[in-house]
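Each ligand, and each atom within it, is numbered from 1 in the order the structure gives. Below, each value reflects all heavy atoms present in this structure, side chains not excepted, and no hydrogens, waters or symmetry copies. Residue indices begin at 1 and follow the sequence shown.
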Amino acid sequence: MNNPTSVWDAGDYATHGRFVADHGATILAILDAQPGERILDVGCGDGALTARIAAAGADVHGIDASPELVAAARERGVDAEVVDAAEFRGDGYDAVFSNAALHWMLDPAPVAAALAGALAPGGRLVVEFGGFGNIAAIRTALAAVMHSHGYPDADPGQYYPTAQQYTEVLEAAGFTDIDALIVPRQTLLPGTMSDWLHTFRCGFLAAHDVPLDEREVIIAETQERLVPALYDPAGDRWYADYVRLRVTARVGARPQGRPARP
Ligand code: BEZ
């Protein structure tokens, strides 16, 4: 099911969200895509990392629920399709990869089942997304400001599990060899906190029917509240308090003679 807070403007994302793909370098290295491998990129967004997987010689297919971002991915030559991950029914993939996307999918069990079904026996899952405690300072400040504007129970609309919680989800879907690790990663932003809020929280504000002029006020007040926690006055820099959950796992038996990776 679509997440109503997941709303994207491809141009804005290209300017203020590029760093998300840049921080995907570690998980991309863990994936270690090989020429000829069939790889599924779940939540491929505008295809920045999908294109890098293709450049390694892999046969990569991207899926994303956002038609705007899939259009942007296709423009860069990536094979991509608009579909909710939980509804995806392809199979036979050597690996399922995902960066900074699974936290938008609020019901993890059907997503994990679809990813397990997409993999060939012995196929690997290599994913990273928001983990427990992700953007806690940002969420707290935004909730406080929303509350002060008369939106008392504004739901953030995201899923940030602990390593143990997500391990249980994957086990129930039939995954084995699960390695799940919480990685706190304070992240330098390319612009201001206001820019980040515009790019990543516009869907959230729209889902709560906040009028356009009031959104600007809420964003400005939220940035103001975050100065002590996430602003570096010496360098005039803003940070986001990201926490990642980095996960590798396998499904079924590894084909004979094939080495274990990663
Ligand atoms: C994240 O990558 O953790 C994230 C991105 C946008 C909004 C919230 C979280």
Side-chain angles (χ1 to χ4, degrees), residues 2-28 30 41-50 62 64-66 68-69 72 85 97-106 108 111 126-146 154-163 165-166 180-208 210 215 218-219 222-223 225-226 229-230 238-247:
N2 257 323
N3 180 338
T5 74
S6 177
V7 175
W8 304 102
D9 175 296
D12 185 57
Y13 190 86
T15 307
H16 297 294
R18 175 61 45 237
F19 71 95
V20 174
D22 295 343
H23 281 283
T26 303
I27 196 73
L28 206 54
I30 293 171
D41 183 0
V42 177
C44 66
D46 67 3
L49 288 180
T50 330
D64 202 290
S66 162
E68 291 78 15
L69 292 181
F97 172 83
S98 183
N99 180 56
L102 296 180
H103 48 250
W104 295 102
M105 305 170 200
L106 303 184
V111 173
V126 181
V127 300
E128 188 173 289
F129 62 105
F132 186 74
N134 192 41
I135 58 167
I138 297 175
R139 284 187 285 136
T140 304
L142 183 55
V145 172
M146 289 287 280
D155 179 358
Q158 271 161 335
Y159 169 64
Y160 301 133
T162 63
Q165 285 166 341
Y166 201 60
L181 181 69
I182 287 282
V183 184
R185 193 180 67 208
Q186 187 100 334
T187 298
L188 177 64
L189 297 179
T192 63
M193 179 54 64
S194 166
D195 293 332
W196 188 94
L197 291 163
H198 275 105
T199 303
F200 292 109
R201 300 283 67 174
C202 71
F204 164 80
L205 293 167
H208 291 284
V210 181
R215 287 184 208 178
I218 286 175
I219 285 174
T222 303
Q223 169 163 293
R225 282 198 192 222
L226 286 167
L230 296 175
W238 280 95
Y239 291 84
D241 54 337
Y242 284 127
V243 175
R244 304 287 87 177
L245 181 57
R246 185 175 295 161
V247 184

Donor-acceptor pair, [X] side chain versus [Y] backbone, under 3.5 Å?
| X | Y | value |
| --- | --- | --- |
| T50 | G62 | no |
| D46 | L69 | no |
| N134 | V243 | yes |

What atoms in ligand 1 come closer than 4.0 Å to a heavy atom of [X]?
| X | value |
| --- | --- |
| Y242 | 1 (C), 2 (O), 3 (O), 4 (C) |
| Y160 | 8 (C), 9 (C) |
| N134 | 1 (C), 3 (O), 9 (C) |
| I135 | 8 (C), 9 (C) |
| Q158 | 7 (C), 8 (C), 9 (C) |

Please say which of T222, I138, I219 ends up in a side chain to side chain contact (heavy atoms under 4.5 Å, CB included) with M193. I138
So for W104, does at least one of its heavy atoms come nearer than 4.0 angstrom to any atom of ligand 1? yes
Going by the angle between their ring planes, with limits at 30° and 60°, are F129 and Y159 parallel, tilted or perpendicular? parallel
Report yes if R244 has an N/O atom closer than 3.5 Å to an N/O atom of ligand 1; otherwise report no. yes
Would R201 count as a polar contact of ligand 1, with the cut-off being nitrogen or oxygen pairs under 3.5 Å? no
Classify the contact between F129 and ligand 1 as side chain, backbone, both or neither, using a heavy-atom distance cut-off of under 4.0 Å. neither
Sequence neighbours left out, what pairs pass salt bridge (charged side-chain N to carboxylate O under 4.0 Å, His left out) with at least one residue falling in residues 128-146? E128-R185, E128-R246
Report the distance from atom CZ of R201 to atom OG of S194, rounding to the nearest 0.5 Å. 14.0 Å
